[in-house]
Asks: 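Just dropping this structure here.
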Amino acid sequence: MLDLGYVRQNLELVRRKLNDRGVSGLLADFETVDNERRKYLVEAERRKARRNQVSGEIAVLKKQGGDAASLVAEMKLLGAEIDDFDREAAARDQTLRAVLERIPNLPHESVPVGKSAEENVEIRRWGEPRQFEFEPKPHWELGPSLGILDFDRAAKIAGARFAVYAGVGAQLERALANFMLDVHTREHGYTEIFPPFIVNSATLFGTGQLPKFKEDLFKLEGSDYWLIPTAEVPLTNLYAGEVLLEESLPIKLCAWTACFRSEAGSYGKDTRGLIRQHQFQKVELVKLTSPESSYDELESLTRDAGRVLELLGLPYRVVALSTGDLGFSSAKTYDLEVWLPSSEGYREISSCSNCEAFQARRANIRIRRGKGGKTALLHTLNGSGVAIGRTWLAIIENCQESDGSVRVPEVLQPYLGGLQKIIPQTHHL
RNA sequence: GGAGGGAUGGGUGAGUGGUUGAAACCGGCGGUCUUGAAAACCGUUAGCCCCGAAAGGGGCUCGGGGGUUCGAAUCCCUCUCCCUCCGCCA
């Protein structure tokens with residue numbers, strides 16, 4: 001959420017920046033409503049001041065045994081006026097809030113201006129896509145033929161966009177989770193958290209998923225419980241409503257969770273394989289930082305995520321999202337894209353964002369700064385470190401051999417009991 | 001699921017209709033003292049919103065929402081969360 005005062009004072013700048021994001025019209029009657037709101041507020045507050053003053057006089061009068069009847073009568077009338085003005089002001093206030101809550105974050109000045117993902121800018125590459133001396137298979141063929149992945153039975157018990165991992169397939173999923181958590185906690189200094197996978201709507205408001213994107217979420221019937229679409233939601237909101245000491249920053253958290261997304265509106269997109277699922281697992285990185293350091297922290301967070309892919313030997317590139325491709329809460333985002341032979345291209349496997357104070361304002365997360373002890377909003381960042389399902393399939397595809405087996409990256413072997421090669425499984429799947 | 005008890009500022013915790021935005025203590029900050037520190041003592045210390053160029057003034061906020069009243073931290077309704085006991089349960 002943007003600051004009301006900031007929007008008021010920088011209306012044209014805000015409009016222009018939103019326009020860069022492809023958003024327009026949201027602030028059409030902002031000025032009118034804002035002025036009306038203040039007009040009614042002033043009228044109400046002037047009368048409240050009078051009422052407070054007279055209430056004191058009534059108290060004194062009564063204590064002295066005097067007659068306050070005429071004053072009480074006057075206050076009764078005044079009270080009715082206050083109600084009227086309060087109602088008018090509140091209506092405008094609600095309108096403004098509704099607008100503010102739905103305005104996306106403003107892009108940072110370093111974000112490339114563009115309409116869509118087409119205008120994202122490649123920042124760097126790591127690794128060389130492998131040249132296959134045979135026709136590589138996509139993971140949705142390799143997985144089932146190895147007996148480690150089953151979409152048909154998943155569809156039977158749940159539906160489309162679900163997967164069942166079996167045997168070494170299930171173990172690989174678990175190995176990746178442990179491996180990634182170990183890298184981030186032991187090498188990068190993140191604190192491991194295991195949060196609830198279910199949160200309430202206030203929490204989803206805090207990180208910006210609500211109220212605008214509820215159709216992307218799964219809601220539990222008859223409750224205010226929602227399945228988390230990413231661990232960013234519980235992790236960032238861990239400190240909602242709190243005032244933290246500035247010395248305690250940066251706070252660096254990581255968590256392995258399942259993530260649940262309705263994927264409404266993605267019909268026909270990535271229907272094959274593991275790329276787009278209703279449930280997937282992810283290790284998430286979240287940082288709470290001072291406003292001054294958040295862009296440095298974004299760089300290191302992006303490197304922390306990339307390190308996972310480098311250790312696994314998976315070629316990837318980093319792209320800076322253009323203004324038109326930015327997520328709702330983000331001021332700047334780097335995507336990590338891993339090389340996938342089945343796509344003959346790079347596909348998103350991590351998204352690292354600096355949300356500046358956008359989420360902190362919604363969730364009311366502050367720090368106490370300096371000696372005077374003034375509070376200020378901190379900055380929040382998040383990034384996948386990284387998506388496990390997509391890593392799973394990237395390994396299957398990139399490390400496949402001509403005989404249909406898959407070479408296990410060295411760093412993962414200790415997590416798989418020393419397994420070096422995945423060969424067709426003989427269990428019942 | 002049943003019965004009861006709670007929620008107050010950065011923290012602990014007083015306060016049951018009228019100068020209480022809130023005692024006291026702890027913590028923080030500034031100062032006195034000290035070579036320095038500690039101790040002691042003195043002072044200071046909530047957030048948001050509105051008017052104003054500023055100085056300053058005003059409003060709102062005691063878990064959330066609604067109500068009673070001239071006036072609510074205090075009374076009523078409701079929701080949420082926490083605690084205790086009983087029941088059930090991985």
Side-chain angles (χ1 to χ4, degrees), chain A residues 1-9 30-101 194-206 210-211 219-220 222-226 234 237-249 251 288 290 357 360-378:
Chain A
M1 195 158 64
L2 302 179
D3 178 60
L4 176 65
Y6 180 85
V7 175
R8 184 182 293 145
Q9 281 159 31
F30 180 87
E31 256 177 311
T32 315
V33 179
D34 184 44
N35 287 332
E36 286 178 1
R37 169 183 171 265
R38 273 180 294 167
K39 189 182 81 190
Y40 288 118
L41 197 61
V42 168
E43 293 296 333
E45 287 189 356
R46 185 179 300 158
R47 285 164 177 79
K48 285 178 185 175
R50 164 84 181 145
R51 181 177 68 185
N52 288 341
Q53 187 202 337
V54 175
S55 283
E57 292 170 10
I58 291 175
V60 172
L61 252 179
K62 290 208 164 178
K63 218 166 229 168
Q64 295 169 345
D67 178 20
S70 67
L71 282 178
V72 168
E74 186 198 335
M75 287 307 99
K76 213 159 199 163
L77 290 176
L78 195 63
E81 284 180 32
I82 289 172
D83 282 348
D84 289 342
F85 284 118
D86 265 347
R87 220 182 341 268
E88 295 296 334
R92 269 76 179 177
D93 199 51
Q94 207 169 13
T95 305
L96 286 184
R97 273 198 81 79
V99 171
L100 276 182
E101 285 171 2
F194 189 74
F197 293 5
I198 295 175
V199 294
N200 57 32
S201 47
T203 297
L204 285 156
F205 178 85
L210 290 180
K219 184 175 191 192
L220 301 187
S223 71
D224 186 39
Y225 290 149
W226 307 70
N237 282 286
L238 236 33
Y239 298 96
E242 295 190 30
V243 180
L244 307 172
L245 294 176
E246 192 170 20
E247 305 87 81
S248 62
L249 303 183
I251 292 173
L288 307 189
S290 68
R361 188 172 293 111
R362 296 172 83 97
N364 193 23
I365 312 174
R366 291 169 296 169
I367 45 170
R368 192 167 292 286
R369 343 195 53 166
K371 300 176 179 179
K374 265 289 179 193
T375 59
L377 296 168
L378 48 69

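Proteins come first, then strands; the chains are lettered A, B, ... in the order of their sequence lines, and each starts at number 1.
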Asks: Do Arg92(A) and Glu88(A) meet the salt-bridge criterion of a basic N to acidic O distance under 4.0 Å?
Replies: yes

Asks: Which atoms form the tightest heavy-atom contact between Ala89(A) and Leu41(A), and what is the distance?
Replies: CB-N, 4.0 Å

Asks: Could you measure between the two C1' atoms, the one in C26(B) and the one in U44(B), and give it in whole Å?
Replies: 16 Å

Asks: Under 3.5 Å between N/O atoms: give me all the protein pairs with nucleotides 57-61 of chain B, atom names plus distance.
Replies:
residue: G58(B); atom: N2; partner: Glu45(A); partner atom: OE1; Å: 3.0
residue: G59(B); atom: OP1; partner: Asn52(A); partner atom: ND2; Å: 2.8
residue: C60(B); atom: OP2; partner: Asn52(A); partner atom: ND2; Å: 3.3

Asks: Can we say Arg38(A) and Asp34(A) salt-bridge, meaning some charged N sits less than 4.0 Å from an Asp/Glu carboxylate O?
Replies: yes

Asks: Under a 3.5 Å cut-off for both contacts, is C89(B) paired Watson-Crick or G-U wobble with anything, and if yes, with which nucleotide?
Replies: none

Asks: If you measure from the P atom in U78(B) to the same atom in G5(B), how many Å do you get, rounded?
Replies: 15 Å

Asks: Take atom C1' in G87(B) and the same atom in G4(B), then report the distance between them in whole Å.
Replies: 15 Å

Asks: For the pair Glu74(A) and Arg50(A), find out whether any cationic side-chain nitrogen is under 4.0 Å from an anionic carboxylate oxygen.
Replies: yes

Asks: Rounded to the Å, how far apart are Ile82(A) CD1 and U69(B) P?
Replies: 15 Å

Asks: Just name whichever nucleotide pairs with G43(B), Watson-Crick or G-U, keeping both distances under 3.5 Å, else none.
Replies: C29(B)

Asks: Considering Watson-Crick and G-U wobble pairs with both distances under 3.5 Å, what does U84(B) pair with?
Replies: A3(B)

Asks: With a 3.5 Å cut-off and no angle check, do the side chains of Ser55(A) and Asn52(A) form a donor-acceptor pair?
Replies: no

Asks: In terms of side-chain heavy atoms of Asp3(A), which of C51(B), C70(B), C49(B) is nearest?
Replies: C49(B)

Asks: Starting at atom CD1 of Ile367(A), determine the distance to atom P of G10(B), rounded to an integer number of angstrom.
Replies: 15 Å

Asks: With rounding to whole Å, what would you report as the distance between G28(B) and U12(B) at their C1' atoms?
Replies: 15 Å

Asks: Look at the side chain of Ser55(A) and decide which nucleotide, out of C50(B), G47(B), G71(B), has an atom nearest to it.
Replies: G71(B)

Asks: Is there side-chain contact between Arg51(A) and Lys48(A), with at least one heavy-atom pair below 4.5 Å?
Replies: yes

Asks: NA contact type, Leu71(A), heavy-atom cut-off 4.0 Å: base, sugar-phosphate, or nothing?
Replies: nothing

Asks: Could you go over nucleotides 78-83 of chain B and give all protein N or O partners under 3.5 Å, atom names and distances?
Replies:
none

Asks: Once you round it to whole Å, what is the distance between C1' of A72(B) and CE of Met75(A)?
Replies: 17 Å

Asks: Figure out the CG/C1' separation between Leu100(A) and C49(B), and round it to whole Å.
Replies: 14 Å

Asks: Tell me which nucleotide, if any, is Watson-Crick or G-U wobble paired with A38(B) when both distances must be under 3.5 Å.
Replies: none

Asks: Got Leu378(A) and Leu244(A) here, is their nearest side-chain heavy-atom distance under 4.5 Å?
Replies: yes

Asks: If you measure from the P atom in G67(B) to the same atom in G31(B), how many Å do you get, rounded?
Replies: 50 Å

Asks: With rounding to whole Å, what would you report as the distance between C60(B) and G65(B) at their C1' atoms?
Replies: 16 Å

Asks: For atom C1', what is the distance between A39(B) and A54(B), given to the nearest Å?
Replies: 44 Å

Asks: Test your reading of the model: is there a side-chain donor-acceptor pair from Arg361(A) to the backbone of Met1(A), 3.5 Å cut-off?
Replies: yes

Asks: Is the phosphate of C50(B), meaning OP1 or OP2, less than 4.0 Å from a side-chain N or O of Arg8(A)?
Replies: yes

Asks: Strictly by Watson-Crick or wobble contacts shorter than 3.5 Å, is anything paired with C48(B), and which nucleotide is it?
Replies: G59(B)

Asks: Please say whether more than 12 non-hydrogen atoms of neighbouring residues, nucleotides or ligands are located less than 6.0 Å from CD in Glu242(A).
Replies: yes

Asks: Check whether any side-chain N or O of Arg362(A) sits under 3.5 Å from a backbone N or O of Phe205(A) as a donor-acceptor pair, and report yes or no.
Replies: yes

Asks: Rounded to the nearest Å, what distance is computed from the CG atom of residue Leu377(A) to the C1' atom of nucleotide C48(B)?
Replies: 12 Å

Asks: What integer distance in Å separates Ile58(A):CD1 from G18(B):P?
Replies: 14 Å

Asks: Would you kindly give the CD-to-C1' distance between Glu36(A) and C50(B), to the nearest whole Å?
Replies: 17 Å

Asks: Strictly distance-based, threshold 3.5 Å: is any side-chain N or O of Asp224(A) a donor or acceptor partner for the main-chain N or O of Asn200(A)?
Replies: no

Asks: Can you measure Glu242(A) atom CD to G47(B) atom P for me and round it to whole angstrom units?
Replies: 17 Å

Asks: Quantified in whole Å, what is the C1' atom distance between nucleotide G15(B) and nucleotide A72(B)?
Replies: 13 Å

